[in-house]
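In what follows, a single structure is set out as structure tokens and then discussed.
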Amino acid sequence: MKEILPGVFHWKTFHEGIQAYVHSYYVNATDPPVLIDPRVPAQGIEWFAAHGAPQHVYLTNRHHYRHSGRFSERYGAQVWCHKDGLHEFSHGEKVRGFTHGKELPGGILALKVAALCPEETALYLPVSGGILSVGDAIVRYKGKLSFVPDEYMGDDPEAVKYGLHKAFLKHLREREFDHLLFAHGAPLDRRRQGGSREISAMRRLLDFPACMRS
């Protein structure tokens with residue numbers, strides 16, 4: 001567990017289901033405190049009691065429920081996912097739906113990504129110069145930004161990439177942010193050494209000829 005910005009905490013855990021490390025976030029710089037795509041950290045679930053009990057849990061897509069139920073049970077946190085992903089929760093999970101473009105508790109804005117799956121969402125947090133939290137659409141491995149591999153993009157990867165390009169170019173034009181949080185990959189602070197270079201790399205990633213389609 002590391003405080004990467006004032007009131008913004010990051011940790012990673014090993015996800016047995018996908019046999020890979022995944023990343024989670026806790027933010028008490030917002031009012032109220034919230035979690036994003038959480039798994040219980042090595043410090044245990046009681047760690048949060050001393051730092052501000054999380055009242056909301058935000059999923060960037062339906063596959064990131066992870067340990068949300070444990071936080072809901074312990075702290076009474078409301079779990080949220082875009083409404084198009086609610087069909088995933090058919091075993092008693094208490095998940096509330098939101099729509100893209102809506103402001104959620106804590107002043108967090110749910111931005112539409114879709115393309116990869118209908119409920120894919122980026123979260124914009126208006127703290128520390130602006131934070132953009134992304135789910136599966138963009139990943140960061142070994143300091144390199146990329147889309148998820150083609151095999152996770154369904155029958156038409158190029159169409160999915162086009163949709164992702166279109167969505168993120170819109171958000172890059174409309175939102176100012178200094179930081180990127182990834183569900184798959186370590187967070188990125190553009191103010192740190194190399195950070196601006198990686199943000200530029202993200203823009204190059206999105207500068208794709210498919211964006212010129214009508």
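Numbering of residues begins at 1 and proceeds along the displayed sequence. A quick note: this is a predicted structure, and the numbers were derived from the prediction, not measured.
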Subject >> Residues in side-chain contact (heavy atoms from CB on, under 4.5 Å) contact with Gln19, at least two apart in sequence or another chain >> reply: Phe14, Glu16
**OP:** Quick one: pull up NE2 in His171 and CG in Leu111 and give me the separation to the nearest 0.5 Å.
**Re:** 4.5 Å
Subject >> Pairwise side-chain contact, Tyr21 with Thr13, heavy-atom cut-off 4.5 Å (strictly under) >> reply: no
Original post:
Under a 4.5 Å side-chain heavy-atom rule over Ile, Leu, Val, Met, Phe, Trp and Tyr, are Phe177 and Leu145 clustered together?
Top reply: yes
Original post:
Atom CD in Glu119, atom NE2 in His87: separation rounded to 0.5 Å?
Top reply: 6.5 Å
Original post:
About how many Å separate NZ of Lys94 and OG of Ser72, when rounded to the nearest 0.5 Å?
Top reply: 6.5 Å
**OP:** Answer with yes or no whether the hydrophobic clustering places Val22 together with Val148; edges join I, L, V, M, F, W, Y residues whose side-chain heavy atoms lie under 4.5 Å apart.
**Re:** no
Under 3.5 Å, sequence neighbours excluded: what are the donor-acceptor pairs made by side chains of residues 95-110?
from: His100; atom 1: ND1; to: His82; atom 2: NE2; distance (Å): 3.4
from: His100; atom 1: NE2; to: Glu120; atom 2: O; distance (Å): 3.4
from: His100; atom 1: NE2; to: Thr121; atom 2: OG1; distance (Å): 2.9

Original post:
Checking Asp136 side chain against Leu116 main chain: does a donor-acceptor pair fall under 3.5 Å?
Top reply: no
Subject >> Reference residue Leu35; test side chain to side chain contact (heavy atoms under 4.5 Å, CB included); the match among Tyr75, Tyr58, Phe48 >> reply: Phe48
Subject >> pair Phe89-Val79: side-chain heavy atoms closer than 4.5 Å >> reply: no
Subject >> Under-4.0 Å salt bridge between Glu158 and Lys161 >> reply: yes
Subject >> Between CD1 on residue Ile138 and CG on residue Leu164, distance to nearest 0.5 Å >> reply: 7.5 Å
**OP:** Return yes if a side-chain donor-acceptor contact under 3.5 Å exists between Asp37 and His23, otherwise no.
**Re:** no
Original post:
Do Val27 and Ile45 share a hydrophobic cluster (ILVMFWY, side-chain heavy atoms under 4.5 Å, transitive)?
Top reply: no
**OP:** Check Val57 against Ser68 and note the closest heavy-atom contact, atom names and distance.
**Re:** CG1-OG, 3.4 Å
**OP:** Return the minimal non-hydrogen interatomic distance between Leu86 and Cys81, and the atom names on each side.
**Re:** CD2-O, 4.1 Å
Original post:
Which atoms form the tightest heavy-atom contact between Pro126 and Tyr124, and what is the distance?
Top reply: CD-O, 3.8 Å
Subject >> Criterion ring pair (Phe, Tyr, Trp, His ring centres under 6.0 Å) against His10, the qualifying member of Tyr25, Tyr26, Phe182 >> reply: Tyr25
**OP:** Check Pro54 against Phe71 and note the closest heavy-atom contact, atom names and distance.
**Re:** CG-CD2, 4.3 Å
Subject >> For the student: nearest non-hydrogen atoms of Gly154 and Pro157, plus distance >> reply: O-CD, 3.9 Å
Original post:
Which heavy atom of Gly135 sits nearest a heavy atom of Ala183, and at what distance?
Top reply: O-CB, 3.7 Å
Subject >> CA sep, side-chain torsions, deciding dist, call: His15, His67, ring-ring contact (aromatic ring centres under 6.0 Å, His included) >> reply: CA-CA 11 Å; His15 193 306; His67 291 161; 7.9 Å; no
Original post:
Is there a donor-acceptor pair closer than 3.5 Å between any side-chain N or O of Trp11 and the backbone N or O of Arg39?
Top reply: yes
Original post:
If only atom types and distance count, is the side chain of Arg140 paired as donor or acceptor with the main-chain N or O of Pro187 below 3.5 Å?
Top reply: yes
**OP:** Compare all side-chain heavy atoms of Met1 with those of Trp47 and state whether any distance is below 4.5 angstrom.
**Re:** yes
Original post:
How many angstroms lie between atom OG of Ser128 and atom CG of Asp178, to the nearest 0.5 angstrom?
Top reply: 8.5 Å
Original post:
Under a single-linkage definition using a 4.5 Å side-chain heavy-atom cutoff for Ile, Leu, Val, Met, Phe, Trp and Tyr, are Tyr141 and Val134 assigned to the same hydrophobic cluster?
Top reply: yes
Subject >> Gap separating the CD1 atom of Ile4 from the NE2 atom of His179, nearest 0.5 angstrom >> reply: 8.5 Å
**OP:** Check the hydrophobic clustering (I, L, V, M, F, W, Y; side-chain heavy atoms under 4.5 Å; chains of links allowed) and say if Val139 and Tyr152 are grouped together.
**Re:** yes
Original post:
Hey, is CD on Glu93 packed in by over 12 heavy atoms from elsewhere, all under 6.0 Å?
Top reply: yes
